Peer 1: 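The structure under discussion is supplied below as structure tokens; questions concerning it will follow.
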Amino acid sequence: MNKICIIDDSQLDRENIVKAIKKKKLSLVINSFSAWNSQILNDKADLYFLDIEIGEQDGFQVAAEIKKKLPDAKIVFCTNHNNLVFHSFAFDVFGFIRKDHLDEDLDRTLLKYEKAITSTYTTDKYQIPITKILYFESAHNYLNIHLTNHSIIKERKTLKQLDMHNLHTFSKLSSSFVVNMKYIDSIAQDKITLITLETLYISRNYKKEFLHAYAKYLMET
């Protein structure tokens, strides 16, 4: 069962968000809080709805704390401060909901969330959520599938056989690596650094294609 955590100091706003989510009739557990406390992370959620101003607390700092402990967590800022939408992108935000457009923006966000949790990569033995894959690595006649939990799954397949059709957030770095752009922390010249601090190198033959794909990814997310 997927969990949503709502953190907002306004009881009325929390109630409105909960009601709007329940209208969608999705299988979700919803918990709401009036203030942020790091103990909330002990009951890990999949989706966090944060007001940008939670009383005297800074919603952006809360988002950073959540991401530090739970890198896969999805952050949705839900606020009346519509002018801060662009600033929120610095926090790997999953969505931005305007409280004065609650139903409209919530529909879009939950649809995006449904797609994210149902999108999988299938091997002979496993169905792997796309969001759990950091990158694919070619190893002779095998693919090493590197996951966000630091484990590796091997599949008897070459990189050329990898079907990129459903891998919308992925791009080739070289003839040996295909990376999930969602987990790129920084790019410097001929290499990228992932949020796991792993470094992968960009082949000169693929650099232009990769930079174009990454720019497109940033514009669409």
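Bear in mind the structure is a predicted one, so any value in this text is a computation, not a measurement.
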Peer 1: Please verify the inter-ring angle class for Phe170 with Phe136; under 30° counts as parallel, over 60° as perpendicular, anything in between as tilted.
Peer 2: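 Taking Phe136 first and then Phe170, their aromatic rings sit tilted (interplane angle of 30° to 60°).
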Peer 1: Is the backbone N or O of Thr131 less than 3.5 Å from a side-chain atom of Tyr183, with the two atoms forming a donor-acceptor pair by type?
Peer 2: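 Such a contact is found between Tyr183 side chain and Thr131 backbone.
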Peer 1: For Asn180 and Thr169, what are the C-alpha separation, side-chain angles and deciding distance, and is it a side-chain hydrogen bond (donor to acceptor under 3.5 Å, both in side chains)?
Peer 2: CA-CA 6 Å; Asn180 190 342; Thr169 63; 2.8 Å; yes
Peer 1: Could you grab the distance from atom NE2 of His146 to atom CG of Leu194, nearest 0.5 Å is fine?
Peer 2: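 Going from the NE2 atom of His146 to the CG atom of Leu194 covers 10.5 Å.
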Peer 1: Under a plain distance cut-off of 3.5 Å, with no hydrogens placed, do Ser151 and Asn149 share a side-chain donor-acceptor pair?
Peer 2: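 Yes, side-chain donor-acceptor contact under 3.5 Å.
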Peer 1: Is there a donor in the side chain of Lys154 and an acceptor in the side chain of Asn144, or the other way round, less than 3.5 Å apart?
Peer 2: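 On atom types as modelled, these side chains qualify, holding a pair under 3.5 Å.
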Peer 1: Please identify each residue that fulfils ring pair (Phe, Tyr, Trp, His ring centres under 6.0 Å) with Phe49, with sequence neighbours left out.
Peer 2: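 For Phe49, no residue satisfies ring pair (Phe, Tyr, Trp, His ring centres under 6.0 Å) once neighbours in sequence are set aside.
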Peer 1: Can you check whether Lys44 reaches Ile66 side chain to side chain, under 4.5 Å on heavy atoms?
Peer 2: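 No, side chains not in contact.
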Peer 1: How far does CD1 of Ile4 sit from CD1 of Ile6, to the nearest 0.5 angstrom?
Peer 2: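 So the CD1 of Ile4 and the CD1 of Ile6 are separated by 6.5 Å.
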Peer 1: Give the cluster check for Leu218 versus Leu200: same hydrophobic cluster or not, with ILVMFWY residues linked at side-chain heavy-atom distances below 4.5 Å.
Peer 2: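 Result: yes, single cluster for both.
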Peer 1: Checking side-chain polar atoms at under 3.5 Å, does Gln61 have a donor or acceptor matched by the opposite partner on Trp36?
Peer 2: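 On atom types as modelled, these side chains do not qualify, holding no pair under 3.5 Å.
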Peer 1: Evaluate side-chain contact (heavy atoms from CB on, under 4.5 Å) for Leu147 paired with Leu134, printing each intermediate quantity in order.
Peer 2: CA-CA 5 Å; Leu147 306 182; Leu134 282 171; over 6 Å; no
Peer 1: Side-chain contact test, heavy atoms from C-beta onward, threshold under 4.5 Å: evaluate it for Ile202 versus Lys191 and give yes or no.
Peer 2: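 A side-chain contact under 4.5 Å is absent here.
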Peer 1: Do Phe33 and Asp9 have side chains that get closer than 4.5 Å, going by heavy atoms?
Peer 2: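 No, too far: nothing below the 4.5 Å cut-off.
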Peer 1: So Ser38 and Glu65, side-chain contact (heavy atoms from CB on, under 4.5 Å) or not? Walk me through it.
Peer 2: CA-CA 8 Å; Ser38 59; Glu65 189 173 343; 3.2 Å; yes
Peer 1: One pair to check against side-chain contact (heavy atoms from CB on, under 4.5 Å): Val18 and Glu15. What are the steps and the verdict?
Peer 2: CA-CA 5 Å; Val18 170; Glu15 291 175 351; 5.8 Å; no
Peer 1: Tell me, with the steps shown, if Lys69 and Asn42 meet side-chain contact (heavy atoms from CB on, under 4.5 Å).
Peer 2: CA-CA 10 Å; Lys69 186 169 182 180; Asn42 292 337; 3.6 Å; yes
Peer 1: From Ile133 CD1 over to Thr148 OG1, what is the distance, rounded to the nearest 0.5 angstrom?
Peer 2: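 Going from the CD1 atom of Ile133 to the OG1 atom of Thr148 covers 9.5 Å.
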Peer 1: Within this structure, what is the CG-OG distance for the pair Leu12 and Ser10, rounded to the nearest 0.5 Å?
Peer 2: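 With rounding to 0.5 Å, CG (Leu12) is 5.0 Å from OG (Ser10).
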Peer 1: Please say yes or no: joined through hydrophobic side-chain contacts below 4.5 Å, possibly via intermediate residues, are Ile17 and Leu110 part of one cluster?
Peer 2: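 Yes, same cluster.
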Peer 1: One thing to verify: whether Lys3 and Asp46 come together as a salt bridge, which I'm taking to mean a side-chain N less than 4.0 angstrom from a carboxylate O.
Peer 2: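 Answer for the salt bridge query: no.
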Peer 1: Can you find a heavy atom in the side chain of Ser138 that is under 4.5 Å from one in the side chain of Thr158?
Peer 2: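 They are not in side-chain contact.
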Peer 1: Is it the case that over 12 heavy atoms from other parts of the model lie below 6.0 angstrom from the CD atom of Gln161?
Peer 2: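 Yes, enclosed.
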Peer 1: Identify whether the distance between the nearest side-chain nitrogen and carboxylate oxygen of Asp13 and Lys99 falls below 4.0 Å.
Peer 2: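 Answer for the salt bridge query: yes.
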Peer 1: Tell me, with the steps shown, if Asp105 and Arg98 meet salt bridge (charged side-chain N to carboxylate O under 4.0 Å, His left out).
Peer 2: CA-CA 7 Å; Asp105 289 354; Arg98 301 162 294 174; 2.8 Å; yes
Peer 1: Would you say the side-chain atoms of Thr120 pair up with the backbone N or O of Thr122, donor to acceptor, closer than 3.5 Å?
Peer 2: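 Not confirmed, Thr120 side chain does not pair with Thr122 backbone.
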Peer 1: Quick check: do Lys74 and Tyr48 have side-chain heavy atoms less than 4.5 Å from each other?
Peer 2: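 Result no, sub-4.5 Å side-chain heavy-atom pair not found.
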Peer 1: Measuring only between side-chain heavy atoms, which start at C-beta, is Tyr217 closer than 4.5 Å to His168?
Peer 2: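 Tyr217 does not reach His168 side chain to side chain.
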Peer 1: Give a yes or no on whether Ile195 and Ile187 share a hydrophobic cluster (residues Ile, Leu, Val, Met, Phe, Trp, Tyr; joining criterion: side-chain heavy atoms under 4.5 Å apart).
Peer 2: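 They do share one cluster, since a chain of ILVMFWY contacts under 4.5 Å joins Ile195 to Ile187.
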Peer 1: Are Tyr121 and Glu155 linked by a side-chain donor-acceptor pair shorter than 3.5 Å?
Peer 2: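 Looking only at side-chain atoms, Glu155 and Tyr121 do form a donor-acceptor pair, the distance falling under 3.5 Å.
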Peer 1: Report the distance from atom NZ of Lys172 to atom CG of Leu167, rounding to the nearest 0.5 Å.
Peer 2: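 Taking NZ in Lys172 and CG in Leu167, the distance rounds to 11.0 Å.
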Peer 1: For the hydrophobic clusters of this structure (ILVMFWY residues joined by side-chain heavy atoms under 4.5 Å, transitively), does one cluster hold both Tyr135 and Ile145?
Peer 2: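 As far as the 4.5 Å side-chain criterion goes, Ile145 and Tyr135 are not connected within one cluster.
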Peer 1: Against the six-membered ring of Phe94, is Lys112 placed for a cation-pi contact (under 6.0 Å from the centre, within 45° of the normal)?
Peer 2: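 The answer is yes; both the distance and angle limits are met.
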Peer 1: Less than 4.5 Å apart, any side-chain heavy atom of Leu50 and any of Val76?
Peer 2: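 No, their side chains stay 4.5 Å or more apart.
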Peer 1: When you measure from the side chain of Lys67 to the backbone of Ala73, do you find a donor-acceptor pair of N or O atoms at a distance under 3.5 Å?
Peer 2: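 Flag set: sc Lys67 to bb Ala73 pair under 3.5 Å.
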Peer 1: Calculate, to the nearest 0.5 Å, the distance between atoms CZ and CZ belonging to Phe96 and Phe77 respectively.
Peer 2: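 Going from CZ on Phe96 over to CZ on Phe77, the span is 8.5 Å.
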Peer 1: Hey, quick one: are Leu102 and Tyr113 part of the same hydrophobic cluster, counting side-chain heavy atoms closer than 4.5 Å, chains of contacts allowed?
Peer 2: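 Linked within one cluster.
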Peer 1: Search all heavy atoms of Leu159 against all heavy atoms of Ser175 and return the closest pair with its distance.
Peer 2: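 What the structure gives for the nearest pair is CD2-O, 3.2 Å.
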Peer 1: How close do Cys78 and Asp8 get, heavy atom to heavy atom, and via which atoms?
Peer 2: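 That closest heavy-atom pairing would be O-OD2, 4.4 Å.
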Peer 1: Going by heavy atoms in the side chains, are Asp51 and Ile7 under 4.5 Å from each other?
Peer 2: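 No - every pair of side-chain heavy atoms lies 4.5 Å or more apart.
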Peer 1: Is there a donor-acceptor contact under 3.5 Å from the side chain of Arg14 to the main chain of Ser32?
Peer 2: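 Not at all, since once roles are kept as given, no pair shorter than 3.5 Å links the two residues.
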Peer 1: For Ile54 versus Ser34, what's the shortest heavy-atom pair and its separation?
Peer 2: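 Looking at all heavy atoms of both residues, the shortest contact is CG2-O, 3.7 Å.
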